[in-house]
Amino acid sequence: MELFDNLAFGFDVAFSWNNLLYCLIGVVLGTFVGVLPGLGAVTAISMLLPFTFGLDPLGALIMLSGIFYGGLYGGSTASILLNLPGTPASAVAAMDGYPLAQQGRAGVPLFMTAIASFAGGCVGLLLVVVAAPAIVSIALEFGPAEYFSMMLLGLLAAAAAASQSLLRSVGMVVVGLLLGLVGTDIVSGMMRFTFGVPIMAEGISFIVVAMAMFGLSEVMRNLEPHVDRSMPDHGKGWLSMLPTRDEARRSIGAVLRGTGLGAFLGALPGAGPTISSFMAYAVETRVAKDPSRFGKGAIEGVTAPEAANNAAAQTGYIPTLTLGIPGDAVGALILGTLIMHGISPGPRVISSHPELFWGLIASMWIGNFLLLWVNIPFIGVWVKILSIPYRILYPMIVIFLCIGVYSVANSSFQLILLAGLGAAGYLLAKLDCPASPLLLGLILGPMMEENLRRALLIGRGDPMIFFETPISAGILAICGVLLLVSLVSSLRNTRRRLKYSGSK
Amino acid sequence: MRGMLNDKDVLTGLLFMAIGAFFAIGAQDYAMGTMRRMGPGYFPVVLGSLLMSIGAALAIKSVLRRRPDRVERLHLRPALGLTAAILVFAALVERAGLIAACIACVLVAGIASSETRWREAVLIAIGMAAFSAVVFQVLLGLPFRLWVF
């Protein structure tokens, strides 16, 4: 079996001392940042990305991935204990986890999320291993027209998922695409929108944008005076972790349903961990015999979404690694890292860098396992970290941002960009404009333009080239359906809102 | 009509229109080329115009709806305090070195929050300067100069 050979090869690579160490560091750092109130997995990756520059590509990917799923896990710890989710993905864990914490049983959801995350992550990885090579064999046939259509679909799906208002998030995608144009045009060698600043010739670094939008402006919002962060009084003995027999029994089905849903949704472009966990919660409230328990501390409301978001986190790597088209902000950051290390993303990554792909997969398995050992025995430590006041934390975050951004190109100019984009990100957040479509657009922009130009060159300037091959035409048809569906649902939402506000 | 200027959709629409116009007009300096052989100006002009129309659609839709969705209050203190802290770091890191930049950055960042206790801030500043010097410069070998005279 080729599959097992590949996996064995992957574990061989991942079990080297260096890679194990990177994995452990990633998982611990990710959990640490994820636990910190108001910071989530995406912030964790963006903040720590520059410090992986010195590593080899595999080491960097292993560490960043560890930071990612560690951050997801840490984020749910913060939502369960504080009702203060760092990210929307972990917001769901607060809905039933926090009531349990208030009942003095915080240990139970914390323990169960660890188990559920582990189960979800493992199954998600299994799907990656099986599906990725199959998708690659299709993707190898892709020409520029297919790539362009695929990227369009990815961007549209991400936009539809990011915000209630489709116009807004599509607008943010376009802003990202435009920012991505800054720098040297690959075809003509012309400088575009650089305003004579030499360092702008290389374009606006996605790292600076990610740090500004997910780091700096996030801190600005957390510092607004009304944000409350007090720990609930747990009473004594809250660290007892074992669920009741009834809870354990109910969790099994919930974990399985959540895992299946998350693994499926995660592989689709645009639908990442966040949507998966919300959907998993919705499914649990439907299948439960007594839906009224939800919101008051039902264990399925914690385990199903956690399993789903970890499964989705893993299968989210499928489009990023096989097609080079990230489904969400994290995928975009991983893709950007690949490009930065000189690896051109696409279906050839697996065959030309097998150690990268299989090593990363194996390391994520190991990482999910490490996560159990980092979390369950040390929950007390994480809880202590949670109680560090924000006034002490945020200056440290700011220093990390400064040093990270400076080291991108060793230039103060990047810092000025960080300050400007951070303030812009704060304003955009006030206008309800989501940041992740912008980041996706920024990273995909140059590739999209290149493929568009190449496709039209091949098609002699006739845009019908995009409809001539069945794959490209099919993808564009999906784009059309997606647009239509989101338009109809947004119209329906508006009407409902109007009715609601009219009846008041 | 005047209340609409405070509306989220109208403001977003205007912002999108401005950004779109900036790129579309800025790209006039670059060759457009043809559909078959696109010049460097083609994609930005198309995208800029697209963004302008998205912005216009957002703004018009909301003006027609006449139900302003007001923008939340902006808190200038955190926004300006943190922006200033980053700029101070930028100004000092090459001229005065990493240690001075860290200390100044933490102290300026303290302005951003009303909860800051200044004695604590001084300790954090010194601690972060020492931490950054040891971890980033010495251990990770990032090319910082610690002190510049």
Side-chain angles (χ1 to χ4, degrees), chain A residues 51 54 165 167-168 170-171 174-175 177-178 181 185 187-188 190 192-193 216 219-225 389-392 394-396 398-399 401-403 406-407 410 412-413 415-416 418-420 422-423 426-428 430-433 449 452-453 456-457 459-463 494 498 501, chain B residues 8 11-12 15-16 19-20 23 26-27 30-31 34-40 43-44 47-48 50-51 54-55 57-58 61 67 71-72 74-75 78-79 82-83 85-87 89-91 93-94 101-102 105-106 109-110 112-117 120-121 124-125 128 132 136 140-143:
Chain A
F51 305 112
S165 152
L167 276 175
R168 241 194 196 79
V170 171
V174 180
V175 174
L177 289 171
L178 283 167
L181 296 182
D185 171 32
V187 182
S188 65
M190 188 157 198
R192 291 190 289 189
F193 307 104
L216 189 57
V219 179
M220 288 176 183
R221 277 197 290 166
N222 283 331
L223 283 179
E224 291 185 350
Y390 203 68
R391 62 166 197 279
I392 295 181
Y394 86 85
M396 302 183 182
V398 172
I399 293 288
L401 290 172
C402 283
I403 291 179
Y406 182 80
S407 57
N410 294 318
S412 315
F413 178 76
L415 285 163
I416 296 170
L418 170 74
Y426 179 69
L427 289 178
L428 285 170
K430 285 287 169 189
L431 293 172
D432 286 343
C433 291
E449 186 186 18
L452 175 69
R453 282 174 165 186
L456 284 173
L457 194 64
R460 295 166 198 278
D462 185 359
T494 328
L498 285 182
S501 53
Chain B
K8 277 181 193 167
L11 284 178
T12 310
L15 179 69
F16 283 176
I19 298 175
F23 278 94
Y30 316 129
T34 58
M35 260 294 239
R36 180 165 176 187
R37 279 183 195 282
M38 287 186 179
F43 207 46
L47 286 179
L50 176 66
L51 190 59
I54 291 174
L58 254 175
K61 204 178 89 179
R67 236 179 256 277
V71 181
E72 269 175 64
L74 283 181
H75 293 270
L82 292 181
T83 310
I86 307 276
L87 291 178
F89 189 94
V93 69
E94 278 164 13
C102 279
C105 179
V106 170
S113 166
S114 51
E115 290 170 21
T116 301
R117 299 178 191 169
E120 239 173 44
I124 299 172
M128 280 315 281
S132 312
F136 297 123
L140 288 178
L142 297 181

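Chain identifiers are assigned alphabetically (A, B, ...) following the order of the sequence lines, protein sequences preceding nucleic acid strands; residue numbering begins at 1 within each chain. Quick caveat: nothing in here was measured; it's all calculated off a predicted structure.
Of all the listed residues (A:I403, A:V219, A:D432, A:L457), the one sharing the greatest number of non-hydrogen pairs under 4.5 Å with chain B is A:I403. The residue among A:I399, A:V170, A:N410 with the most heavy atom pairs within less than 4.5 Å of chain B is A:I399. Contact tally against chain B (heavy-atom pairs below 4.5 Å) for A:S188, A:P463, A:G171, A:P395: the top residue is A:G171. When B:G26, B:C105, B:A112 are compared by the number of non-hydrogen pairs under 4.5 Å with chain A, B:A112 comes out ahead. Between chain B and the residues A:D462, A:L418, A:L428, the most heavy-atom pairs under 4.5 angstrom are made by A:L418.
In this structure, chain A has heavy atoms under 4.5 Å from both the backbone and the side chain of B:L74. Residue A:F413 does not touch chain B at all, counting heavy-atom pairs closer than 4.5 Å. A:M396 touches chain B through backbone and side chain together, each having a heavy atom under 4.5 Å away. Heavy atoms closer than 4.5 Å to chain A are found in both the backbone and the side chain of B:T83. Using a 4.5 Å cut-off between heavy atoms, A:C402 contacts chain B through both its backbone and its side chain. Both the backbone and the side chain of A:L178 have a heavy atom closer than 4.5 Å to some heavy atom of chain B. With a 4.5 angstrom heavy-atom cutoff, B:A27 touches chain A via backbone and side-chain atoms both. Both the backbone and the side chain of B:L47 come within contact range of chain A, with heavy atoms under 4.5 Å apart. Both the backbone and the side chain of B:F23 come within less than 4.5 Å of a heavy atom in chain A. The contact between B:S113 and chain A is made by backbone and side chain atoms together, counting heavy-atom distances below 4.5 Å. Residue contact with chain B, scored on non-hydrogen atoms closer than 4.5 Å, involves the side chain of A:D185 exclusively.
One finds the CZ atom of A:R168 at 4.0 Å from the OG1 atom of B:T12 (value rounded to the nearest 0.5 Å). The structure places CD of B:E72 at 4.0 Å from NZ of A:K430, a figure rounded to the nearest 0.5 Å. We find the CG-CG distance between B:L58 and A:L167 to be 4.5 Å, quoted to the nearest 0.5 Å. Rounded to the nearest 0.5 angstrom, B:R37 CZ and A:R460 CZ are separated by 10.5 Å.
Remark: B:E94 engages A:Y406, A:S412 in a side chain to side chain donor-acceptor pair (under 3.5 Å) (not counting sequence neighbours). Partners of B:A121 by side chain to side chain contact (heavy atoms under 4.5 Å, CB included), not counting sequence neighbours, listed by chain and number: B:L107, B:T116, B:W118.
Minimum heavy-atom separation, B:F16 to A:C433: CZ-SG, 4.3 Å. Closest approach of B:I124 to A:R391, counting heavy atoms only: CD1-O, 4.2 Å.
By the 4.5 Å heavy-atom criterion applied to side chains, B:P44 and A:R192 are counted as neighbours. Contact check for A:V398 versus B:V106: no side-chain heavy atoms found under the 4.5 Å cut-off. B:L82 has its side chain within reach of A:Y394: a pair of non-hydrogen atoms, C-beta onward, lies under 4.5 Å apart. Looking only at side-chain heavy atoms (C-beta outward), B:H75 and A:L223 stay at 4.5 Å or farther from each other.
Under the 30°/60° scheme for interplanar angles, the aromatic rings of B:Y30 and A:F193 are found to stand perpendicular.
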